[in-house]
Structure formats: C-alpha cells, structure tokens
Amino acid sequence: MEPTITSKLPNLGTTIFTVMSSLAVQHKAVNLGQGFPDFPMDPYLLELVNKSMTDGNNQYVHMGGLPALRKVLAEKVFSLYNTAIDPETDITITPGGTYAIYTAFTSILSPGDEVIMFEPSYDSYIPNIEINGAIAVTIPLDFPDYTINWEKVKQKISAKTRAIIINTPHNPSGTVFKENDIQQLREIVEGTNIIIISDEVYEHLIYDNQKHLSILRYPDLLARSFVCFSFGKVFHCTGWKMGYCIGPAGMMKEFRKVHQFNCFTSNSSVQFAFAEYLKDPASYLTPSVLLQSKRDYFENIMKQTRFVPLPSSGSYFQLYRYDNITNESENDFAIRLTKDYGVATIPVSAFYKNPVDNKVLRFCFAKKESTLDEAVSRLLTL
Ligand code: PMP
C-alpha cells in the first residue's frame with residue numbers, strides 16, 4: 001500500500017503551462033502559450049558546449065560555479081552597471097532562474113514570514129513561499145498598465161514582512177521598472193530588515209532602447225538583495241536550465257548552504273561554454289535586437305485580427321485584450337482558441353492567486369516568423 005503524505009502544497013495542481021502545452025499537442029495547435037523559442041540558438045554556443053564536452057569538462061566544478069564563468073559574469077556586471085561584485089563570494093551558478101528564486105526564498109524564510117509580491121506573476125513564487133511555511137501577500141498590479149501602486153505596498157508592509165519580490169522585465173505583462181519604482185522601493189525598504197528578491201531573467205530582452213533598471217545598478221539595494229538570472233531565456237536554451245544568483249557575501253553564504261545539499265553544483269560543460277561565450281558582449285547585447293524584431297513582426301501581423309495589443313517593453317510576451325470579441329472568461333476562451341482555432345495562449349488570470357478576469361491573453365512571440373504567421377492566419381478565421 002502506498003504511504004499517505006501530508007502535502008506541503010495541498011492546493012497546487014499542474015501548472016497552466018503544462019496544461020496548455022498538452023492541450024496544444026492534443027489539438028495540433030500553434031503553441032504561443034509556454035515561453036520557449038522554436039528558432040535555432042546561436043550555433044557558436046552549441047559548438048562551445050560540444051567542444052567543452054569532448055574536451056573532457058564533464059566532472060563537478062566548484063559548488064558556487066565555475067570560477068571562470070563567475071569572473072566573466074562579474075566583468076559583465078561591471079561593464080553594464082558599474083558595480084563591482086566579488087565573483088568568489090557574491091555569485092552562485094544555478095540550474096535555472098526558478099531554482100535561484102526558490103533557493104533565495106528557502107535561505108531566508110521562516111514559518112509565518114510574509115513576502116510581498118505582485119500579481120499577475122510568474123507562477124513559481126507562491127509555492128516557493130508557501131513550501132517554506134511563509135505567507136504570500138499579493139498586491140494586484142494596476143490594469144491595464146500593469147504598474148505597481150506603491151501606496152498599496154506601504155499599506156501591506158508589516159513587522160512580519162521578510163521580503164519583496166520584484167520582476168523586471170515582467171512576465172506576463174512585458175512592463176519594465178522605471179526610476180520612480182526604484183525610488184519608491186528604496187523608500188520602503190530603507191532602515192528595515194526587508195530583503196529584495198529581484199527576478200531579472202529577462203535582463204537582456206528589453207526593447208525600444210529602454211534601460212534595464214537592474215538592482216545591480218544600486219549598491220544600497222544590492223546590499224539587501226538576491227538578484228536572479230537565467231541563461232535559458234536570454235540565449236534561447238530554456239531546456240538547459242542554467243542561471244545564476246548575485247547577492248552580498250553574507251546572504252550568499254546562506255544561499256549556498258541550501259544550494260550545496262540540494263544540487264551542489266550545476267552542469268559543468270555548459271558552464272565552460274558560457275565562460276567563453278560571454279567574453280564577447282555581442283553575445284548578450286544582440287538577443288534584444290532579435291526579440292524586438294519578433295515583437296514588432298507579431299504586433300504588425302496581429303493588426304489584421306480583432307485582438308487589441310497592450311504595450312510590451314520586454315520579455316518573450318505580449319498581452320492582447322479580447323473584450324471586443326467575446327465575453328467568455330480568459331480560461332474558457334483560451335481553451336476554445338486552442339481546441340477550435342488551433343492557437344494556444346495563456347490566460348492572464350492563471351498568473352493570479354485570486355483570479356482577476358480582465359479578458360486578456362498572453363502570447364509568446366519568441367517564435368519563427370512562419371510560426372507567428374500560421375498562428376495569425378488561424379486567428380483570422382475567428
Ligand atoms: N522568472 C520568470 C519571470 C520567468 O518567466 C521564468 C521562465 N518562465 C523564470 C523565472 C525561470 O527561468 P528558468 O527557466 O531559468 O528557471
């Protein structure tokens with residue numbers, strides 16, 4: 001007989017991404033739901049990984065990550081944000097951005113702690129918080145701009161607030177932080193014991209010459225932050241599950257305590273490859289050009305449909321309103337679009353703990369033009 005388990009996450013089902021991707025396969029739909037590219041990645045990076053493996057770089061590397069990779073990342077941070085970080089103590093290479101966020105939460109949260117977060121949001125945050133016995137205090141972003149109402153944040157701060165998690169560029173809305181957001185955040189955390197977890201996995205996918213306001217630019221904020229990144233998103237290799245976390249040495253020491261007995265060290269051959277690849281700044285500066293052209297292409301062909309775009313300043317995603325088409329709930333409409341029209345999207349309500357139905361769907365434009373064309377031709381029959 002199978003033993004019974006008291007679930008640590010009793011209310012959790014399968015993620016919407018898995019649900020919609022399975023439905024997409026079942027109905028042979030064009031999958032603009034889950035955020036993964038279907039175009040080839042840079043062959044040079046593939047060549048570097050192949051070479052790294054055949055050269056024999058296949059054994060454990062340092063628990064914090066390959067020193068050469070941490071060094072090149074520290075140089076990148078300095079050249080982009082003018083902030084000096086110590087690659088020995090302030091960076092840990094992780095198996096993906098989600099893992100970095102989970103580890104950050106796990107190293108700081110005790111039962112009963114509160115974490116301020118915004119909705120809609122990437123759906124790993126709440127389970128990451130709750131599995132640690134902590135409480136997610138959710139604040140809805142203002143619709144339709146998806147901006148933070150900082151007055152609401154001030155009202156939710158309590159003696160139990162342990163952390164605030166932010167995400168710029170933002171999934172699912174594609175909005176980005178402005179200087180005012182940083183200033184407001186600073187005023188709120190100053191003089192407190194609050195830790196910032198900054199999810200910056202779309203760091204290099206920001207468009208229209210906007211500046212990415214990384215927490216790494218602000219030494220006073222970095223001194224209380226875990227800043228989480230993903231190679232998967234930026235370099236179009238989401239299946240590799242590689243990322244990293246940057247934070248001050250004392251906090252990183254605690255992070256590594258959790259990391260070393262969960263994963264110990266991340267994929268070595270891929271780390272050797274990235275240590276070489278990132279030496280050329282073009283490697284991380286060109287993805288935004290490619291992805292911006294995809295956003296523009298998609299937005300342009302979507303003009304033929306009745307969907308109404310909301311602006312996307314970054315990420316893989318653009319939101320579209322459909323309230324002029326139907327009154328159906330986001331969930332029902334997304335399912336019908338997949339089954340009857342062969343286009344999979346994600347209902348934005350899936351990114352809320354308490355679903356809010358603004359009649360908005362998320363489309364992933366990180367796809368080949370032929371994929372986007374096919375999706376739009378199907379949507380035109382609507
Ligand atoms: N944060 C956000 C906002 C994301 O959209 C994603 C990817 N969906 C991640 C983190 C996780 O990245 P990774 O695949 O490296 O775990």
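The basis for the numbers below is simple: all heavy atoms, side chains too, and nothing from hydrogens, waters or symmetry mates. Counting convention: from 1, in listed order, for ligands and their atoms alike. We number each residue from 1, following the sequence as shown.
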Is it true that the NZ or CZ of Lys76 lies under 6.0 Å from the centre of Tyr284's six-membered ring and within 45 degrees of the ring axis?
yes
Under a 4.0 Å heavy-atom limit, does Thr98 contact ligand 1 with its side chain, its backbone, both, or neither?
both
Closest to atom 10 (C) of ligand 1 among protein heavy atoms sits Tyr122 CE2, 3.4 Å
When you measure from the centre of the six-membered ring of Phe365, is the NZ or CZ of Arg295 under 6.0 Å away and within 45° of the axis?
no
Do the side chain of Arg70 and the main chain of Gly65 share a donor and acceptor less than 3.5 angstrom apart?
yes
Taking the six-membered ring of Phe39, is the NZ or CZ of Lys294 close enough (under 6.0 Å from the centre) and on axis enough (within 45°)?
yes
Heavy-atom proximity to atom 7 (C) of ligand 1, best of Glu200, His170, Lys233, Lys241
Lys233
For Val201, state whether at least one heavy atom is located under 4.0 Å from any atom of ligand 1.
yes
For ligand 1, which part of Asn167 has a heavy atom less than 4.0 Å away: the side chain, the backbone, both, or neither?
side chain
For Tyr81, is there any backbone N or O sitting under 3.5 Å from a side-chain donor or acceptor partner on Thr83?
yes
Salt bridge present between Glu47 and Lys51 (N-O < 4.0 angstrom)
no
Just need the protein heavy atom nearest to atom 2 (C) of ligand 1, so name the residue and atom and give the distance.
Asp199 OD2, 3.3 Å
For ligand 1, which is the ligand I care about here, please tell me if Phe317 has any N or O atom under 3.5 Å from one of the ligand's N or O atoms.
no
Side chains of Leu379 and Met302 in contact at under 4.5 Å (non-hydrogen atoms)
yes
Atoms of ligand 1 close to Asn171 [distance to a heavy atom under 4.0 angstrom, numbered from 1]
3 (C), 4 (C), 5 (O)
Nearest to atom 5 (O) of ligand 1 by heavy atom, Tyr202, Tyr125, Phe36: which?
Tyr202
